Number of protein chains: 2
Amino acid sequence: MEGAGGNGEKKTVKRRPRERVLQRDPERTRAAILEAATKEFAENGIGGARVDAIAERAGTNKRMLYHYFGDKEQLYLHVLEDAYVGIRTAERALQIGDRSPEEGIGDLALFTWRYFLKHPEFLSLLGTENLHRARWLRQSVRLKELHSHLLGELAQILERGKKAGVFIESADPLNVYLTIASLGYFYLSNQYTLSTIFGRDLAEPANLDAWERHIVHVTLASITA
Amino acid sequence: MEGAGGNGEKKTVKRRPRERVLQRDPERTRAAILEAATKEFAENGIGGARVDAIAERAGTNKRMLYHYFGDKEQLYLHVLEDAYVGIRTAERALQIGDRSPEEGIGDLALFTWRYFLKHPEFLSLLGTENLHRARWLRQSVRLKELHSHLLGELAQILERGKKAGVFIESADPLNVYLTIASLGYFYLSNQYTLSTIFGRDLAEPANLDAWERHIVHVTLASITA
DNA sequence: TCATCAAGTAACCGTTTAGTTACTGGCCGG
DNA sequence: CCGGCCAGTAACTAAACGGTTACTTGATGA
């Protein structure tokens, strides 16, 4: 059928291993399983996620899942770790130290809100992990140094703002971050019950825009002198 | 053995149905199942909750659970509805309209935070329900009129504050409530992952007190003129 | 070109699960 | 005091579940 690479060369034929679509491709299969597992765990929690469903979504076989990740729990941990790496990596790229203190804080708030908005699966995974009191995250060895950068940079910005007289002395890095994350997380993760009980669709673009502005307003109002 | 009520009266003996502990007590069994189910669903989500575990925690039999509540999902809905009734009832008793606008808002923030702190199972149930996009809450017929009272009273307080010149014109009832709820919900529901990644125990009493003050500060800072 | 080993498949296994059936025994009206 | 009804029990069932075994297929290096 193929006749591919049908030249006379014998030993010197370099097989280009990534150019044609291989029938067997470990990396692609592995990535497909991770992506499928992310969706399945985000939609159903760890108790509701089905191993068979993950395999089917990944277009592969249950056996492969155990081959690459050991078991359901290790696969879940991998998914969770990747989710954290995702947000912290994007956050670093922000370089919030490169502008005025107010702008830096405002941009961090905007970034966080928009990241949450674009990655609902991250919020779901956090919810699931907290339901189980961080049982898996605490075992993670990959995530030790990942988060310190954020608080360090925030502390610097707040310090600059205090010296410039625009921020109050009691402004605290952790509190500021928790404030930003709170306002974004709750609105999005609880949008379904909130929309139901208050009879207003929080997911409407106009409402999302208004809340984005609200987050920046509240964050800055809570620390400006 | 008993000889109880051993007087000669025949037809006029009033049996006091609630005084001694009955071996068969439908109401007590029903309540025990509801309480056990609340814990089980809060700890494990709907996918992870086990019907057998609920029956065992209630000190009864699985058959009774189906007898009183139909099936697992209807039992879950009942638990969820009761949780909402609980917070909204306590909230009404607050009577936040009876004081100055600043005090009213501050007290609502304090109440909400402390209610969340005392009822972690309520937060868990909200998380579970939102994971499933309010699938059960939307079916609920018991909860239509339950929440409107809150927003109405908040609107009145904000109006009074605006007329008195202490609140900004853009202060909005829903936004104020969502702000208060966000700051309480996120801190508590995500305390396990947050404590892990930032290496600080958010559940320590000193940290809880500090966050309580922070919530009041942020809420008022975001709406004061 | 062929032996080797990893990638991939499908059928299977023991256990757990939500839900049911068949039964027991205590409470109450007549 | 007794007959019927309903709270309560325990053993059961069919299906779903996480995980495994036995096997096939295809890429690769000698």
Side-chain angles (χ1 to χ4, degrees), chain A residues 1-2 4-5 8-34 36-37 40-41 44-77, chain B residues 1-2 4-6 8-34 36-37 40-41 44-77 79:
Chain A
M1 244 198 183
E2 301 179 354
E9 301 150 338
K10 287 151 203 173
K11 293 171 185 174
T12 49
V13 174
K14 284 261 174 76
R15 295 186 188 88
R16 294 137 297 163
R18 294 278 158 253
E19 285 192 13
R20 64 188 154 125
V21 175
L22 294 174
Q23 295 180 23
R24 325 181 68 177
D25 188 337
E27 284 178 34
R28 197 186 47 177
T29 301
R30 214 185 116 99
I33 292 172
L34 264 180
E40 178 73 9
F41 283 124
N44 302 99
I46 197 162
R50 297 291 160 245
V51 170
D52 291 281
I54 295 172
E56 199 184 353
R57 291 175 100 136
T60 180
N61 191 279
K62 190 161 56 159
R63 178 68 181 78
M64 289 295 93
L65 191 154
Y66 288 94
H67 184 256
Y68 288 115
F69 296 99
D71 62 10
K72 188 185 179 183
E73 300 198 5
Q74 287 181 65
L75 174 58
Y76 167 77
L77 177 57
Chain B
M1 244 196 183
E2 302 180 353
E9 301 151 338
K10 287 150 202 173
K11 295 171 184 174
T12 50
V13 173
K14 286 261 175 72
R15 295 187 188 87
R16 294 139 296 166
R18 294 281 157 251
E19 286 192 10
R20 65 189 153 121
V21 175
L22 296 173
Q23 295 180 20
R24 326 182 67 181
D25 188 337
E27 285 178 33
R28 197 187 46 179
T29 301
R30 216 185 115 97
I33 291 172
L34 263 179
E40 179 74 9
F41 283 125
N44 303 99
I46 197 162
R50 297 290 160 244
V51 170
D52 290 282
I54 295 171
E56 198 184 354
R57 290 175 101 136
T60 182
N61 191 280
K62 189 163 54 163
R63 178 67 180 77
M64 291 293 92
L65 191 153
Y66 287 94
H67 182 59
Y68 288 116
F69 296 99
D71 62 10
K72 187 184 180 183
E73 300 197 7
Q74 287 181 65
L75 174 58
Y76 167 77
L77 176 56
V79 164

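Please read these numbers as outputs of a predicted model, since none were measured by experiment.
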Take the protein atom [atom1] of [X] and the nucleotide atom [atom2] of [N], then report the distance between them rounded to whole Å.
| X | N | atom1 | atom2 | result |
| --- | --- | --- | --- | --- |
| A/Glu73 | D/dC17 | CD | C1' | 14 Å |
| B/Asp52 | D/dA10 | CG | P | 13 Å |
| B/Ile46 | C/dA18 | CD1 | P | 10 Å |
| A/Ile54 | D/dC17 | CD1 | P | 12 Å |
| B/Ile33 | D/dA7 | CD1 | P | 11 Å |
| B/Phe69 | D/dA7 | CZ | P | 13 Å |
| B/Leu75 | C/dT17 | CG | P | 16 Å |
| B/Tyr68 | C/dT20 | OH | P | 18 Å |

Would you say the side chain of [Y] lies within less than 4.5 Å of the side chain of [X], judging by non-hydrogen atoms?
| X | Y | result |
| --- | --- | --- |
| B/Tyr68 | B/Gln74 | no |
| A/Tyr76 | A/Glu40 | no |
| B/Val51 | B/Leu75 | no |

For B/Lys62 against B/Ala55, the heavy-atom pair lying closest together: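 Taking every non-hydrogen atom into account, N-CB, 3.5 Å.
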If every non-hydrogen atom of A/Ala49 is compared with every non-hydrogen atom of A/Asn44, which pair is closest and at what distance?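 Nearest pair, atom of A/Ala49 first, then A/Asn44: N-CB, 3.6 Å.
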B/Ala53 near the nucleic acid: base, sugar-phosphate alone, or nothing, with a heavy-atom cut-off under 4.0 Å?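 If one applies the 4.0 Å heavy-atom cut-off, B/Ala53 turns out to touch nothing in the nucleic acid.
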May I ask you to say what A/Ala55 touches in the nucleic acid, namely base, sugar-phosphate or nothing, with a heavy-atom cut-off under 4.0 Å?
->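 No contact at all - A/Ala55 keeps every heavy atom at 4.0 Å or more from the nucleic acid.
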Practice task
Taking only heavy atoms on the protein side, list every residue of residues 57-67 of chain A lying under 4.0 Å from any atom of DNA chain D, sorted numerically.
Solution key: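 Going residue by residue through residues 57-67 of chain A, the ones with a heavy atom under 4.0 Å of DNA chain D turn out to be A/Lys62, A/Arg63, A/Tyr66.
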| message | Does C/dA7 have its OP1 or OP2 closer than 4.0 Å to a side-chain nitrogen or oxygen of A/Thr29? | response |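 No, A/Thr29 has no side-chain N/O under 4.0 Å of OP1/OP2 on C/dA7.
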Can you see if the side chain of A/Arg50 gets near the phosphate of D/dG18 - specifically, an N or O under 4.0 Å from OP1 or OP2?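 Looking at the OP1 and OP2 atoms of D/dG18, one of them is under 4.0 Å from a side-chain N or O of A/Arg50.
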Which of these nucleotides, C/dG8, C/dG19, D/dG18, is closest to any side-chain atom of B/Lys72?
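Within the option list, the nearest is C/dG19.
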- Separation between CG of B/Leu65 and NZ of B/Lys72, rounded to the nearest 0.5 Å: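 Atom-to-atom, B/Leu65:CG and B/Lys72:NZ are 10.5 Å apart.
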Q.
Using the side chain to side chain donor-acceptor pair (under 3.5 Å) criterion, which residues pair with B/Asp71? Sequence neighbours excluded.
A.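 Listed in chain order: nothing, the list is empty.
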